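Have a look at the structure below before the remarks.
In this text the structure is predicted, and so the values were computed from the model without any measurement. In what follows, residues are counted from 1 in the order of the sequence shown. FYI, side chains are in, hydrogens and waters are out, and symmetry mates aren't considered; it's all heavy atoms of this structure.
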Amino acid sequence: YIYQARYLPAADDDGTSDPFVVIRLGAAEWRTATQPNTLFPMWYETPVGGLVVDLPEKLSLAPPVSIGVFDEDVKTIGANEREFLGRTEITTSSIKRSFRYTPSWVTLKGATCTNKSAVLCSFQLVPETDVEKYPFREVIQPHFNRCSLDIECVGVKEMLPFRRQKVKTPHITFDCGVNRITQETAMVTTKKKGKGPNAVILEVMRLDVSLPANPLFAPCFNIRVVDRRKVGINPVVGATSVPAFPYCPWTHEKPKRHNL
């Protein structure tokens with residue numbers, strides 16, 4: 001059961017990735033769909049009927065469950081390419097037969113991963129003779145509430161040069177992963193043009209999102225500063241993330257004022 005991932009490495013020039021997960025156990029393999037333009041993807045997917053694989057009766061001799069996260073680059077001609085983002089393993093003998101209602105965050109390892117890079121997942125391992133006694137779940141998506149987030153964007157401060165060029169025209173993009181209602185990335189970008197590394201923007205924006213009621217599944221609001229340049233690419237010159245759950249009206253937490 002693959003729920004989410006967080007703090008994934010950025011594989012694309014826009015400071016995001018197009019991640020998907022590949023699960024392997026022995027000769028069996030399954031992958032999720034690709035979530036575009038995010039470092040905090042939300043899948044809530046599981047293979048229908050599970051994976052069928054032959055394992056030794058003594059599970060301590062069984063291979064581990066491999067969890068790999070990749071970035072997918074869509075090609076107009078030829079097969080799509082994948083770039084490795086991170087990987088981890090689960091000991092097969094540790095997996096229970098019954099469904100776990102509370103999944104766990106598992107840390108990813110990779111050259112570009114941080115100690116925050118992780119996948120939220122859970123597993124069931126059921127002998128064929130006990131499938132009716134321990135049925136698989138086909139729907140694992142939690143309850144979501146529709147919300148509108150008002151963002152007051154003042155500007156940027158002391159932005160450092162990027163690739164030996166000063167920041168000239170910064171724009172700020174806010175997103176909150178994939179909207180579970182529209183199935184598109186919930187994103188909004190400032191319209192006003194800032195000038196220089198201390199640009200004043202002074203813009204109020206609204207981001208329509210759907211957020212989970214359970215704090216375990218709460219995503220992050222992702223903020224990226226993009227420098228709009230006349231020649232070449234528009235690079236991401238700064239990025240950060242803010243936990244979304246304190247801003248949800250159904251919580252009792254008081255959100256902090258962020259100077260990021």
Side-chain angles (χ1 to χ4, degrees), residues 3-8 10 12-19 33-44 116 120 141-159 162 167-229 233-260:
Y3 295 82
Q4 304 179 24
R6 63 187 181 188
Y7 297 103
L8 295 180
D12 299 331
D13 291 336
D14 63 355
T16 67
S17 292
D18 305 308
T34 300
Q35 295 292 343
N37 307 319
T38 180
L39 304 181
F40 294 78
M42 295 184 285
W43 290 284
Y44 302 106
K116 292 183 177 181
L120 184 64
Q141 181 170 305
H143 174 71
F144 280 79
N145 296 323
R146 301 186 69 172
C147 309
S148 291
L149 174 70
D150 288 336
I151 303 169
E152 299 177 2
C153 181
V154 177
V156 298
K157 182 180 180 180
E158 299 179 359
M159 298 296 298
F162 182 79
V167 174
K168 296 182 179 179
T169 313
H171 287 61
I172 305 177
T173 295
F174 301 83
D175 81 79
C176 193
V178 176
N179 191 312
R180 305 311 298 177
I181 305 298
T182 64
Q183 299 300 314
E184 297 177 351
T185 300
M187 181 181 296
V188 65
T189 302
T190 54
K191 296 180 180 179
K192 295 182 179 180
K193 296 181 179 180
K195 295 293 183 182
N198 295 287
V200 176
I201 295 177
L202 298 178
E203 186 172 344
V204 177
M205 297 165 290
R206 173 162 291 183
L207 181 63
D208 294 322
V209 297
S210 49
L211 297 175
N214 187 333
L216 176 65
F217 303 103
C220 286
F221 297 121
N222 310 307
I223 307 167
R224 297 190 303 278
V225 181
V226 180
D227 191 21
R228 299 285 177 85
R229 296 179 174 178
I233 64 171
N234 298 322
V236 176
V237 294
T240 189
S241 300
V242 179
F245 193 71
Y247 295 86
C248 299
W250 53 88
T251 73
H252 300 290
E253 295 188 38
K254 184 178 180 181
K256 299 178 180 179
R257 183 179 180 88
H258 289 277
N259 182 18
L260 303 167

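- No side-chain heavy atom of R6 sits less than 4.5 Å from a side-chain heavy atom of L120.
- Closest approach of W43 and A33 over heavy atoms only: NE1-O, 2.9 Å.
- Here the closest non-hydrogen pair linking Q4 and M42 is CG-CG, 3.8 Å.
- No side-chain heavy atom of V236 sits under 4.5 Å from any side-chain heavy atom of V225.
- Side-chain contact between P212 and F245 is absent, with no heavy-atom pair separated by less than 4.5 Å.
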Margin query: Is there a side chain to side chain contact (heavy atoms under 4.5 Å, CB included) between N222 and L39? Walk through the geometry before answering.
Written below: CA-CA 8 Å; N222 310 307; L39 304 181; 5.9 Å; no
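- With contacts defined as side-chain heavy-atom distances shorter than 4.5 Å, the pair L211/P219 qualifies.
- With no hydrogens or angles considered, no side-chain donor-acceptor pair links Q141 and Y3 at under 3.5 Å.
- One distance of note links CG of D227 with NZ of K168; it measures 8.5 Å at 0.5 Å rounding.
- Considering OG1 of T190 and CD1 of I151, their distance stands at 10.0 Å, rounded to 0.5 Å.
- Considering all non-hydrogen atoms of both residues, I201 and P170 come closest at CD1-O, 4.2 Å.
- Note: Q35 CD to L8 CG = 11.0 Å, rounded to the nearest 0.5 Å.
- Rounding to the nearest 0.5 Å gives a distance of 9.5 Å between CE of M159 and CG of N198.
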Which is it for L202 and V154 under the side chain to side chain contact (heavy atoms under 4.5 Å, CB included) test, yes or no, and what are the steps along the way? CA-CA 4 Å; L202 298 178; V154 177; 4.1 Å; yes
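- Interatomic distance, OG of S241 versus NZ of K116, reported as 8.0 Å (0.5 Å rounding).
- One distance of note links CZ of F174 with CG of L149; it measures 9.0 Å at 0.5 Å rounding.
- The minimum heavy-atom distance linking R206 with D150 is given by the pair NE-OD1, 2.7 Å.
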